[in-house]
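Note: hydrogens, waters and symmetry copies are ignored here, and every other heavy atom, side chains too, is used. Counting starts at 1 for both ligands and their atoms, in listed order. Values in this document were obtained by computation on a predicted structure and should not be read as measured data.
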Amino acid sequence: MAQMQDITVPDIGDFDQVDVVEVLVKPGDEVQPEQPLITLESEKASLEVPSPVAGMIKEVLVKVGDKVHEGSLIARVEIAGQAQAEAAQAPPPDQPKGAEELSKAATKAEASFQDKPDQGDAPPIEPPAEDRSKPSAESPTAPSTHAERKPPPDTGHPALDISPHGKPLASPAVRKFARELGVDLSQVHGSGPHGRITQADVQGYVKQQLARPASTAGGGIPPMPQIDFSRFGEIETMPLSRIKRRAGPNLHRSWLNIPHVTQFDEADITELEAFRKSERKASEARGIKLTLLAFLLEACARALRDFPHVNSSLAPDGENLILKKYIHIGVAVDTEDGLLVPVIRDVNRKGINELARETAELAELARARKLKPEQMQGASFTISSLGGIGGTAFTPIINGPEVAILGVSRARMQPQWNEQENRFEPRLMLPLSFSYDHRVIDGADGARFTRHLAGLLGDLRRILL
Ligand code: CAO
């Protein structure tokens with residue numbers, strides 16, 4: 001006949017009325033010795049009460065919110081066959097006295113509340129491995145330790161992260177901490193011995209979740225693995241600059257929210273460059289350095305006027321386009337601490353010399369970290385010019401909620417086929433990399449825009465038309 005065993009709350013020290021905060025089993029569950037049945041929580045700490053025997057839960061007599069004390073009935077277990085047989089051959093009455101005392105001491109130790117904050121490496125409930133492997137004859141209160149342990153259930157998680165009961169390894173204090181923060185411990189990587197989850201692991205997990213952009217939180221994007229690179233060689237940890245720390249989430253947000261397409265093209269700026277050089281001296285006399293960027297601003301302003309949806313933003317409802325009647329263009333400036341984007345307002349109303357002067361002034365302010373917030377707001381389009389550095393093309397990230405950005409690389413003299421004269425001729429070609437929001441701009445329009453822009457840069461007179 002099946003033998004039943006009542007499981008009661010063991011000696012929990014001076015605590016009288018303690019809350020049941022978790023019931024970890026239900027009728028019909030098979031349990032192993034040491035498998036937690038319930039979690040109790042006092043103001044100071046928490047404790048899991050393990051099953052002393054292997055068997056099947058017949059009845060659970062507590063629920064979350066109940067208050068219990070030493071001796072309170074938790075559950076009734078039908079003792080497993082083999083364990084029952086062994087229980088039947090109960091230890092002889094003249095069992096060595098020390099064994100029972102040892103067992104009681106062990107049970108009490110397991111059951112004691114942990115008042116100290118968790119250090120992450122002390123298994124509070126499970127007895128040390130060597131104790132667990134001891135024959136149960138030494139422990140009349142846990143006869144089932146003779147019963148073979150089942151292998152941990154296949155949870156799809158690395159075996160080391162899971163206790164023999166299929167739960168992530170963590171102390172009650174860490175479980176309590178995780179519960180308070182609403183953290184699912186099965187999602188947390190344990191850095192302690194045998195993959196045990198520490199309080200620092202839970203804190204790290206929460207920080208990681210908070211750092212993720214709102215739209216992706218829980219969006220199924222797997223986090224980067226946390227790797228201790230010092231395992232592979234010497235490392236140095238250096239804080240990111242404030243600018244990079246602030247820009248990072250914005251870039252990430254744009255990258256994840258905007259379906260980017262980058263259209264590459266080239267503009268023939270042979271004549272433009274000849275004109276710039278011819279005007280440079282005159283501009284210098286007025287204290288202005290006439291750079292290619294000023295011409296780019298002027299040409300972009302005209303192209304934006306001709307393609308108004310490139311100078312727009314998607315309405316938050318995703319169903320309307322907000323067309324901007326102003327043309328304010330942000331210019332990416334490379335500073336020692338990272339990228340800043342001052343904004344040149346009303347570009348379409350300014351001449352090329354004025355644009356050159358203003359760009360130089362704003363770039364200077366950016367590098368001196370003296371830009372005012374309003375000087376970095378309100379852009380409807382952005383230009384990122386890496387032409388002074390080099391490169392052939394790149395894929396700039398849109399400065400959302402703008403819908404497009406123009407990347408410019410270094411102009412190069414290249415052979416171009418002259419159909420009229422049936423020969424190659426050297427032309428100064430400027431690489432354009434135009435990233436756009438594909439929800440707003442079709443591929444065909446993207447290509448039309450860069451063709452149009454290339455046409456304006458190829459013959460500045462077109463701007464006047
Ligand atoms: N092709 C060939 N030469 C170019 C060129 C191009 N596309 N663009 C600039 N040059 C030349 C300039 O004419 C200048 O030469 P001279 O002194 O002989 O006239 C030289 O390169 C240096 O130019 P510059 O970069 O100092 O000036 P600029 O007006 O072209 O650019 C600014 C100003 C602020 C845009 C630039 O200094 C800068 O910071 N660029 C980096 C932007 C960046 O980091 N973008 C990446 C953002 S990530 O998306």
Quiz item: Is the closest protein non-hydrogen atom to atom 7 (N) of ligand 1 under 4.0 Å?
Solution: yes
Quiz item: Considering distance alone, does some N or O of Leu430 sit under 3.5 Å from an N or O of ligand 1?
Solution: no
Quiz item: What is the closest protein heavy atom to atom 4 (C) of ligand 1, and at what distance does it sit?
Solution: Gly387 O, 3.6 Å
Self-check item: Side-chain (His260) to main-chain (Ile258) donor-acceptor, under 3.5 angstrom
Solution: yes
Quiz item: Should Lys372 and Gln375 count as side-chain neighbours, where that means a heavy-atom distance under 4.5 Å?
Solution: yes
Practice problem: Answer side chain, backbone, both or neither: which part of Leu293 comes under 4.0 Å from ligand 1, heavy atoms only. | Solution: side chain
Quiz item: Numbering the atoms of ligand 1 from 1, which are under 4.0 Å from a heavy atom of Arg276?
Solution: 13 (O), 19 (O)
Quiz item: Does the pair Asp66 and Lys63 meet the rule for a salt bridge (charged side-chain N to carboxylate O under 4.0 Å, His left out), with working shown?
Solution: CA-CA 6 Å; Asp66 283 356; Lys63 59 182 185 318; 3.1 Å; yes
Self-check item: N/O donor-acceptor pair under 3.5 Å between Asp19 side chain and Val21 backbone
Solution: no
Quiz item: Between the side chains of Asp337 and Thr335, does any donor sit under 3.5 Å from an acceptor?
Solution: no
Quiz item: With distance as the sole test, does Asn311 use its side chain to make a donor-acceptor pair with the main-chain N or O of Lys324 at under 3.5 Å?
Solution: yes
Quiz prompt | Ile398 backbone acceptor or donor facing Ser435 side chain under 3.5 Å | solution = no
Practice problem: Determine yes or no for a side-chain-to-main-chain donor-acceptor pair under 3.5 angstrom, with Arg280 supplying the side chain and Leu290 the backbone. | Solution: no
Exercise. Check whether any heavy atom of Lys277 sits under 4.0 Å from an atom of ligand 1.
Key: no
Quiz item: What is the nearest protein non-hydrogen atom to atom 36 (C) of ligand 1, stated with its residue, atom name and distance?
Solution: Arg367 NH2, 3.8 Å
Self-check item: Distance filter under 4.0 Å to Ser385 heavy atoms, resulting ligand 1 atoms
Solution: 40 (N), 41 (C), 42 (C)
Self-check item: Close-contact set for ligand 1 against Val333 heavy atoms, below 4.0 Å
Solution: 34 (C), 39 (O)
Quiz item: So among Glu22, Glu48, Glu180, which one has a side chain to side chain donor-acceptor pair (under 3.5 Å) with Arg175?
Solution: Glu48
Quiz item: Would you say Glu364's side chain and Glu361's backbone share a donor-acceptor pair under 3.5 angstrom?
Solution: no
Quiz item: For atom 21 (O) of ligand 1, which protein heavy atom lies nearest, and how many Å away is it?
Solution: Gly388 CA, 3.3 Å
Self-check item: Residue portion contacting ligand 1 (non-hydrogen atoms closer than 4.0 Å) for Ile397
Solution: neither
Quiz item: Which is it for Ile405 and ligand 1 at heavy atoms under 4.0 Å: side chain, backbone, both or neither?
Solution: neither
Quiz item: So, does His438 use its side chain to make a donor-acceptor pair with the main chain of Ile441 at under 3.5 Å?
Solution: yes
Self-check item: Side-chain H-bond candidate by donor/acceptor type, Glu402 with Thr382, under 3.5 Å
Solution: yes
Exercise. For Thr291, take its heavy atoms, then give the atoms of ligand 1 lying under 4.0 Å from any of them.
Key: 29 (O)
Quiz item: Where does Met429 meet ligand 1, judged by heavy-atom distances below 4.0 Å: at the side chain, the backbone, both, or neither?
Solution: neither
Exercise. Give a yes or no on whether atom 38 (C) of ligand 1 lies under 4.0 Å from any heavy atom of the protein.
Key: yes
Quiz prompt | Contact with ligand 1 for Lys289, non-hydrogen, under 4.0 angstrom | solution = yes
Self-check item: atom 1 (N) of ligand 1: the protein heavy-atom neighbour that sits closest, reported with distance to 0.1 Å
Solution: Ala411 N, 2.8 Å
Practice problem: Mark up the atoms of ligand 1 that fall under 4.0 Å of a heavy atom belonging to Arg280, in ascending order. | Solution: 19 (O)
Quiz item: Pick from Thr392, Thr395, Thr262: which one makes a side-chain contact (heavy atoms from CB on, under 4.5 Å) with Ser433?
Solution: Thr262
Quiz prompt | Contact atoms of ligand 1, heavy-atom distance to Ser384 under 4.0 Å | solution = 45 (N), 46 (C), 47 (C), 48 (S), 49 (O)
Quiz item: Please state which protein non-hydrogen atom is closest to atom 43 (C) of ligand 1 and give its distance, to 0.1 Å?
Solution: Leu386 CD2, 3.5 Å
Practice problem: Mark the output for Gly407 as yes if a heavy-atom distance to ligand 1 is under 4.0 Å, and as no if none is. | Solution: no
Exercise. With heavy atoms of Ser409 as the reference, note each atom of ligand 1 found under 4.0 Å away.
Key: 6 (C), 7 (N)
Quiz item: Protein heavy atom under 4.0 angstrom of atom 26 (O) of ligand 1, is there one?
Solution: no
Practice problem: Answer yes or no: is there a donor N or O on one side and an acceptor on the other, between the side chain of Asp201 and the main chain of Thr198, under 3.5 Å? | Solution: yes
